[in-house]
Amino acid sequence: MMIKYFVFSAIISYIGSSAQSRSDSAKLLSYEDKVAVKISFNTNTENFVAFYKDSPKDVQTIFSINESLRTSFSIDYKLISATMSFTPSFLPGNSDNDLKGKSKYTDFKFRLFPGRFIQTIEYKNAKGFYIKNMQDFFPDWEKGKEPYFQLPDLKYQTFGARTSYVFNKDFSLKSILYQREWQNNSSGSFIPELQYNISLFKNKNGEVKSRETQFNLGIDLGYHYNWVIKTRMNIGLYIFTGMGIRWTTYRYDLQNSDTQNNRYLIARAGTGLYFGYNSETSFFGIKFNLSSNYYREDSSSEITNNNTFSVLYFGYRFPPPRFLKKYYNNVKKRVPFL
């Protein structure tokens with residue numbers, strides 16, 4: 001059992017060194033007894049692409065939100081992790097409102113780490129889109145001088161969860177993704193992930209209100225490898241592919257149109273590369289990620305959701321305040337698996 005392993009490692013570490021030092025021979029070093037705070041900046045550009053084959057020439061429409069740099073704050077303690085992300089307007093590239101219109105974005109993630117499972121619950125909210133590829137429709141359109149076509153009332157919300165399982169007990173996904181552990185020896189693991197969420201799309205065009213509801217269920221099969229190049233430095237690499245099913249209900253006009261029900265088969269794939277530095281109290285790193293979702297809406301149109309971004313993060317660990325330890329212990333009495 002992973003919990004027994006951590007207990008055994010902690011005892012050996014305590015005997016061989018002081019309370020704050022850890023044995024170099026341990027395969028996984030846990031920092032869950034400390035509070036970790038992290039700030040990250042990422043260039044997450046989430047685009048929705050519609051592709052139409054029956055037009056005179058192949059045409060794609062790229063819908064994007066007005067953001068170039070997203071900020072996230074995370075806090076971790078014991079088996080619990082929470083993250084909040086938003087796009088502050090004072091950061092470079094987030095204030096092109098005159099050309100791209102106003103956009104709002106927030107998301108919240110809450111994670112639990114029971115054994116080798118990682119359970120994530122998340123909420124995402126975005127409003128205000130623009131058409132990114134204007135020159136495909138208007139060749140004389142000048143970037144940086146003329147405004148993009150804007151959809152200020154287009155909004156989407158996602159409520160979902162993800163469940164991952166790490167097969168290799170000597171591999172730490174917590175190390176390369178969340179910095180909750182440190183892995184002393186290079187190794188990799190096969191990691192399947194089950195995903196399930198509900199997404200709501202809403203738009204208003206004049207007096208016409210449209211709405212689409214999506215329910216998504218899918219599974220990704222991925223492989224992660226953590227290469228420890230020095231005592232405090234590592235490189236992580238992962239690749240995944242997956243499939244899923246999407247059920248949708250759509251009404252073009254909530255007042256006057258009928259509901260359209262559809263079901264689609266989703267294909268997705270992605271990869272990522274991580275570089276990290278870790279010490280007993282501080283850590284930082286950079287990540288690069290690429291993923292793509294694809295499905296055919298009908299015989300003449302395809303939808304692709306591309307997500308490409310990099311992340312720069314900095315974090316610090318410190319002993320938990322007395323009130324936090326007391327509160328956690330009281331909660332643990334009521335929720336034993338924590």
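In this text the structure is predicted, and so the values were computed from the model without any measurement.
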Polar side-chain atom of [X] near backbone of [Y] as donor-acceptor pair, under 3.5 Å:
X    : Y    : answer
S30  : E181 : no
N66  : G101 : yes
S81  : D76  : no
R232 : F283 : no
N226 : S187 : no

Please check if the number of heavy atoms outside [X] that lie under 6.0 Å from its [atom1] is greater than 12.
X    : atom1 : value
R211 : CZ    : no
Y313 : OH    : yes
F318 : CZ    : yes

Nearest heavy-atom neighbours spanning [X] and [Y]:
X    : Y    : value
G144 : L99  : O-CD1, 3.7 Å
K174 : G115 : NZ-O, 4.1 Å
F240 : S291 : CZ-CB, 4.1 Å
F41  : T71  : CD2-OG1, 3.8 Å

Taking the side chain as every heavy atom from C-beta outward, state whether [X] and [Y] have any pair of such atoms under 4.5 Å apart.
X    : Y    : answer
N125 : Y156 : no
H224 : I176 : yes
N234 : W182 : yes
Y252 : V208 : yes
L28  : D170 : no
R263 : I245 : yes
R162 : E122 : yes
Y316 : T281 : yes

To the nearest 0.5 Å, tell me how far [X] [atom1] sits from [Y] [atom2].
X    : Y    : atom1 : atom2 : result
L312 : F288 : CG    : CZ    : 9.0 Å
I235 : K230 : CD1   : NZ    : 11.0 Å
N256 : E207 : CG    : CD    : 11.5 Å
S103 : I65  : OG    : CD1   : 6.0 Å

Classify the side-chain pair [X]/[Y] by whether it contains a donor and acceptor separated by less than 3.5 Å.
X    : Y    : result
Q119 : T163 : yes
Q179 : K38  : yes
Y31  : N278 : yes
Y238 : N289 : yes

Candidates L154, D153, L151 - the one meeting side-chain contact (heavy atoms from CB on, under 4.5 Å) with K127: D153
Among I198, T248, T259, side-chain contact (heavy atoms from CB on, under 4.5 Å) partner for T213: I198
Any link between [X] and [Y] through a network of hydrophobic side chains (Ile, Leu, Val, Met, Phe, Trp, Tyr) touching at under 4.5 Å?
X    : Y    : result
I239 : M243 : no
I286 : Y225 : yes
I75  : L324 : yes
I121 : I80  : no

Quick check on the 6.0 Å ring-centre criterion: do [X] and [Y] meet it?
X    : Y    : result
F63  : F129 : no
F190 : Y223 : no
F167 : Y165 : yes
Y77  : Y328 : yes
F113 : Y178 : yes

With Y148 via ring-ring contact (aromatic ring centres under 6.0 Å, His included) - residues at least two apart: Y130, W141
Plane angle bin for F73 and F86 - parallel if under 30°, tilted between 30 and 60°, otherwise perpendicular: parallel
Chi angles and distances behind the salt bridge (Lys or Arg N to Asp or Glu O under 4.0 Å) call for K209, D253: CA-CA 5 Å; K209 295 181 180 180; D253 186 342; over 6 Å; no
Salt bridge present between E212 and K202 (N-O < 4.0 angstrom): no
Sidechain N-carboxylate O distance under 4.0 Å for R251, D258: no
Full working for side-chain contact (heavy atoms from CB on, under 4.5 Å) between R70 and F309: CA-CA 10 Å; R70 185 177 301 172; F309 64 98; over 6 Å; no
Evaluation steps, side chain to side chain donor-acceptor pair (under 3.5 Å), between Q195 and N216: CA-CA 8 Å; Q195 303 174 352; N216 300 284; over 6 Å; no
From CA spacing to verdict: side-chain contact (heavy atoms from CB on, under 4.5 Å), L237, W227: CA-CA 8 Å; L237 175 67; W227 181 29; over 6 Å; no
Test side-chain contact (heavy atoms from CB on, under 4.5 Å) applied to I118 and L173, step by step: CA-CA 9 Å; I118 298 178; L173 190 63; 3.6 Å; yes
Test log, rule side chain to side chain donor-acceptor pair (under 3.5 Å), inputs T83 and S72: CA-CA 7 Å; T83 303; S72 300; over 6 Å; no
Candidate pair E280 and K34, rule salt bridge (Lys or Arg N to Asp or Glu O under 4.0 Å), full reasoning: CA-CA 10 Å; E280 187 75 16; K34 292 188 176 184; 3.4 Å; yes
Criterion side chain to side chain donor-acceptor pair (under 3.5 Å) on S199 and T158, from CA distance to verdict: CA-CA 4 Å; S199 298; T158 299; 3.1 Å; yes
Worked check of side-chain contact (heavy atoms from CB on, under 4.5 Å) between F201 and Q214: CA-CA 8 Å; F201 290 80; Q214 300 179 352; 3.7 Å; yes
Working for side chain to side chain donor-acceptor pair (under 3.5 Å), residues K27 and Q183: CA-CA 6 Å; K27 293 182 179 180; Q183 182 178 318; over 6 Å; no
